[in-house]
Protein chains: 4
Amino acid sequence: MNAGKTPKGVKTKDRIVESAIKLMNAKGIARTTLVEVCAASGVAQGTFYHYFKSINDILYEILRIEGEELLFFYEIIIDNSPLEKLNKVLNFQMDYYEKKGKAVVAQILGNEFIPLQGDSLIEKLLPIRAFVSGIISEGQETGVFSDRNSAEKDSIVLMALILTYSYMWIRDKTDNPLKEIAGSHINDIIEQLILK
Amino acid sequence: MNAGKTPKGVKTKDRIVESAIKLMNAKGIARTTLVEVCAASGVAQGTFYHYFKSINDILYEILRIEGEELLFFYEIIIDNSPLEKLNKVLNFQMDYYEKKGKAVVAQILGNEFIPLQGDSLIEKLLPIRAFVSGIISEGQETGVFSDRNSAEKDSIVLMALILTYSYMWIRDKTDNPLKEIAGSHINDIIEQLILK
Amino acid sequence: MNAGKTPKGVKTKDRIVESAIKLMNAKGIARTTLVEVCAASGVAQGTFYHYFKSINDILYEILRIEGEELLFFYEIIIDNSPLEKLNKVLNFQMDYYEKKGKAVVAQILGNEFIPLQGDSLIEKLLPIRAFVSGIISEGQETGVFSDRNSAEKDSIVLMALILTYSYMWIRDKTDNPLKEIAGSHINDIIEQLILK
Amino acid sequence: MNAGKTPKGVKTKDRIVESAIKLMNAKGIARTTLVEVCAASGVAQGTFYHYFKSINDILYEILRIEGEELLFFYEIIIDNSPLEKLNKVLNFQMDYYEKKGKAVVAQILGNEFIPLQGDSLIEKLLPIRAFVSGIISEGQETGVFSDRNSAEKDSIVLMALILTYSYMWIRDKTDNPLKEIAGSHINDIIEQLILK
DNA sequence: GATGAATGAGATTTCATTCAT
DNA sequence: AATGAATGAAATCTCATTCAT
């Protein structure tokens, strides 16, 4: 398995990964087959095995990439105040969804529920909540956030709102942006539950 | 498709559905095969097709049954006080999920985002929020609930929590019941946001 | 097998036969299944076996009916002169096709070629050629028809023309009637080959 | 579907097609199963699907091949005299049918009436009539053929005979070759109708 | 007369994987 | 690096038929 070294190889591997992501989003992970991935990326099935040990192997690759993207963002905002960070993370998430579009987000979120390959690797895709929880903790320690509830619980409320408004946004027939639908309510909740 | 007409037929169909749910929860939906379902319910494969058009068809059947059961419940609790009703609905929902099992609930919720075929049948599955919103309105009018936030917003928070805790419960490797994971937090939120 | 005796039974049997004919015309005999026939006629599969011993059994029934229709016509024209009879038979055939319509005739003729259930029962559907041959023989004996060629060969030429013009008529995008397309040519051939 | 690219692949695909034709002629198309075809050609069932999309797909392949072979033949005989050409085309057609076998020819001709899918691919299978008509025209111009009837009408008679004798040959339980059944009659007609 | 339950054999199709080139 | 050949196990689905009611 010393594949994906030459520029051409890298390109091919990328193409396969890309097709795989698209299909997994479209049909759910467990329902995406190797045959389809190869057809979609215009590659022979044999070629697939040149780059990946098995159909499961490609999952790891995909999760690695997603994780990297998120980590990159988290590093950038590390120096802000807790409240700023909180706002930035939540906004980042909504912008991110808006950018990807309703259909894709629907699939991403749907796949959160839809049965996996048995392992919880996908879990790693959404480290946001832990991150948000950390921010709230920090705010509680520095005294700007209320500690009436645990940081964990508060983070769950916020993520829950994002999830639910995303759901409503996806179902929404008009073109109202996600931020507009969710924004003020999230701010209310921050004020009423989290800020001192 | 003239199946499931006689008492015997109904029984057989139920047995198949039951076995299917059990297996899907045990090994995941995508990995549950028709052969296994038939073996588990003790019918020939041909018999399966006497009752269902295809392997996917049984999923729809399962989801359809959900919807019917939920509607039935709503009618029953109509005479309680707003707070009682609120508690009953939320608890019912959690009990219900617990009873169905993680895999099936995952599919139900996942389908909220990824409609399997584009029909709006699934849409009907979650009329709960409107129902909860109605209950809160009623409580605000009778003065037992706070009107700091709109009934709609409050109902969204509650449903968001159910959704999110269900998600966490599905992912949870231990056997902690949903109610235990979500219960106290939901009560906190009712106290802090909704009750006067 | 004492079925189809009561008025209701006759009706049901007719409905099954009718659906079977329609389907066999539409998809070819060998490709028509009992399941489809029952679905099309709105009858349970068990009911089918109330009237027919097997899937093949219905074929006999159908052929018997067709045969009766044709024989009835032949009897009517028995007193005409050979030339009149010849004209009447050929015209009857074309009128018959015109009445059934292009799609149906296409299926009837197509099915003449398309593989059967192994027996040549269908053969009986087209006793016309033998009949035409008989008419020509008669004409040759009474001296009004030429005997340069055998009656059999001449009858083949005529049937071949009907077959081929039917084919062209079916393909024809305009609404020209079959008789108009084929008529004069068939008359030419009768004059040039058959009449003295 | 990247199959049949290497010499080995071509060979395998040919072997499958060949076995299929043989079996279809032996037992009828509708009764020939994929399992048998695979067994007869010595490939795994999976291999079949490497080359064909479905069991029906192979029929199209067979018909497509016909068309190509016919066109190829027409180009070859372009330099002969009209009468020679006429004889060669008609004989070629009959030899060709003989070589393919009754079941396959039945399917080819049946499809003339019942297009399997509505595409006009099949249409191309019978450009013979136009070709024959051209030959007769040429003969009329050079004065070797009679112009009592139009070239078109004469070509129709000839094609009609081929069609009808093919039909009779297909039905014929004995093993009499098509040429023997049709040959002398076609010659008679050429003499009596077409030659000067 | 009619239905629907039930079957089992066999048909088609899918899919992850291995291998020679 | 990439392909296409080939596989075999297992999955889905079809169908004619029997039977109890």
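All values reported here derive from a predicted model rather than from experimental measurement. Chain naming here is simple, since letters A, B, ... match the order of the sequence lines and numbering starts at 1 in each.
- Following rounding to the nearest Å, K5(B) (NZ) and dA6(E) (P) show an atom-to-atom distance of 14 Å.
- At a threshold of 4.5 Å between non-hydrogen side-chain atoms, the residues M24(D) and I62(D) count as touching.
- An OP1 or OP2 oxygen of dA1(F) is reached within less than 4.0 angstrom by a side-chain nitrogen or oxygen of H50(A).
- Here the P atom of nucleotide dG8(F) and the CZ atom of F48(D) are 17 Å apart, to the nearest Å.
- Closest approach of R31(B) and E36(B) over heavy atoms only: O-OE1, 3.6 Å.
- Paired runs in DNA chain F that reach 3 or more consecutive Watson-Crick or G-U pairs, where each pair keeps both distances under 3.5 Å, cover E:2-21 with F:2-21.
- The side chain of S54(A) places no N or O atom within less than 4.0 Å of a non-bridging phosphate oxygen (OP1 or OP2) of dA16(E).
- Separating the CZ atom of R15(B) from the C1' atom of dA5(E) is a distance of 11 Å, rounded to the nearest angstrom.
- For L34(D) and dT12(F), the CG to P distance is 18 Å, given to the nearest whole Å.
- Following rounding to the nearest Å, L23(A) (CG) and dC15(E) (C1') show an atom-to-atom distance of 15 Å.
- The two residues S19(C) and S41(C) have their closest heavy-atom pair at OG-CB, 3.2 Å.
- Side chains of R15(B) and V43(B) form a contact here, defined as non-hydrogen atoms less than 4.5 Å apart.
- Looking at K102(B), its side chain does come within 3.5 Å of a backbone N or O of D172(B) through a donor-acceptor pair.
- Taking atom OH of residue Y51(B) and atom C1' of nucleotide dT7(E), one finds them 12 Å apart after rounding to whole Å.
- Nearest heavy atom pair, residue I55(A) against residue T33(A), reads CD1-C, 4.3 Å.
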Sub-3.5 Å pairs of nitrogen or oxygen atoms, protein against nucleotides 19-21 of chain E:
none

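- Across the interface with DNA chain E, nearest-nucleotide mapping of T32(D) and V43(B) shows V43(B) to be the residue nearer the 5′ end.
- Residue-level contact check: I55(B) touches the backbone only, with heavy atoms under 4.0 Å from sugar-phosphate atoms and none from bases.
- When side chains are defined from C-beta on, F48(B) counts as touching I58(B), because their heavy atoms get closer than 4.5 Å.
- Note on T33(A): every side-chain N or O is 4.0 Å or more away from OP1 and OP2 of dT14(E).
- In this entry the distance linking CD of E36(D) with C1' of dT12(E) reads 13 Å, nearest Å.
- Summarising the geometry, the separation between NZ on K8(D) and C1' on dT3(F) is reported as 13 Å, rounded to the nearest angstrom.
- When all heavy atoms of Y51(C) and D57(C) are compared, the pair lying nearest together is O-OD2, 4.5 Å.
- Contact between the side-chain N/O atoms of T12(D) and the OP1/OP2 oxygens of dA5(F) is not found at any separation under 4.0 Å.
- In this structure the side chain of I16(C) reaches within 4.5 angstrom of the side chain of F52(C), judged on heavy atoms.
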